[in-house]
Amino acid sequence: QVQLVESGGGLVQAGGSLRLSCTASRGIFSILAMGWYRQAPGKQRELVATIATSGNTNYAESVEGRITISRDNAKKTVYLQMNSLKPEDTAVYYCNANKYYWGQGTQVTVSS
């Protein structure tokens with residue numbers, strides 16, 4: 001059973017930056033495909049970015065060029081560096097492993 005704990009959310013002004021972290025426990029992190037998803041009020045959860053065990057990355061079109069996903073297998077942690085944030089990035093951000101395990105979510109609020 002993989003457990004995921006996110007951190008790093010908060011309130012930021014438009015144009016600002018935040019870095020989210022997600023640390024995994026119980027499981028071999030290096031073999032997990034990791035991803036970040038988000039869910040805004042009244043909307044469905046959507047993919048933000050994924051990173052494969054190989055390090056290959058994939059991004060939603062809406063965040064391409066502004067957000068970077070990375071992983072540190074030694075620390076069992078995946079990161080989401082978010083720059084040039086926009087009010088429409090406001091959502092609860094969830095960490096995911098192997099499209100099966102979910103974290104509890106961390107709130108990101110971008111003020112205009």
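The shown structure was predicted, so the numbers you read here are calculated from the model rather than taken from an experiment. Numbers for residues simply follow the sequence, beginning at 1.
- Contacts of Y37 classified as ring-ring contact (aromatic ring centres under 6.0 Å, His included), with partners at least two apart in sequence or in another chain: W102.
- Rounding to the nearest 0.5 angstrom, the gap separating the CD atom in E6 from the SG atom in C22 is 5.0 Å.
- By the rule that hydrophobic residues join a cluster once side-chain heavy atoms approach within less than 4.5 Å of another member, Y59 and I51 end up as members of one cluster.
- The side chain to side chain contact (heavy atoms under 4.5 Å, CB included) test applied to S7 returns S21, not counting sequence neighbours.
- The distance from the CD1 atom of I28 to the OG1 atom of T53 is 12.5 Å, given to the nearest 0.5 Å.
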Would you give me the side-chain donor-acceptor pairs under 3.5 Å for residues 77-85, sequence neighbours excluded?
unit_1 : atom_1 : unit_2 : atom_2 : d
T77    : OG1    : T23    : OG1    : 3.0
T77    : OG1    : K75    : O      : 2.8
Q81    : NE2    : N83    : OD1    : 2.9
N83    : OD1    : S17    : OG     : 2.9

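- One distance of note links OG1 of T57 with CZ of R71; it measures 11.5 Å at 0.5 Å rounding.
- Separating the CG atom in L4 from the CE atom in M34 is a distance of 5.0 Å, to the nearest 0.5 Å.
- Closest non-hydrogen pair, I69 versus G35, comes out as CD1-CA, 4.3 Å.
- The side-chain hydrogen bond (donor to acceptor under 3.5 Å, both in side chains) analysis of residues 90-99, with sequence neighbours excluded, yields the pairs R38-Y93.
- In this structure, K43 and Q39 approach most closely via the heavy-atom pair O-NE2, 3.1 Å.
- Enclosure of atom CD in Q44 is not indicated, since only 12 or fewer non-hydrogen atoms of other residues, nucleotides or ligands lie within 6.0 angstrom.
- S112 is linked by a side chain to side chain contact (heavy atoms under 4.5 Å, CB included) to P87, counting only residues two or more places apart in sequence or in another chain.
- Of all heavy-atom pairs spanning A24 and V2, the tightest one is CB-CG1, 4.3 Å.
- Considering only residues two or more places apart in sequence or on other chains, R66 meets the salt bridge (charged side-chain N to carboxylate O under 4.0 Å, His left out) condition with D89.
- Expressed to the nearest 0.5 Å, how far SG of C95 lies from CD of Q3 amounts to 12.5 Å.
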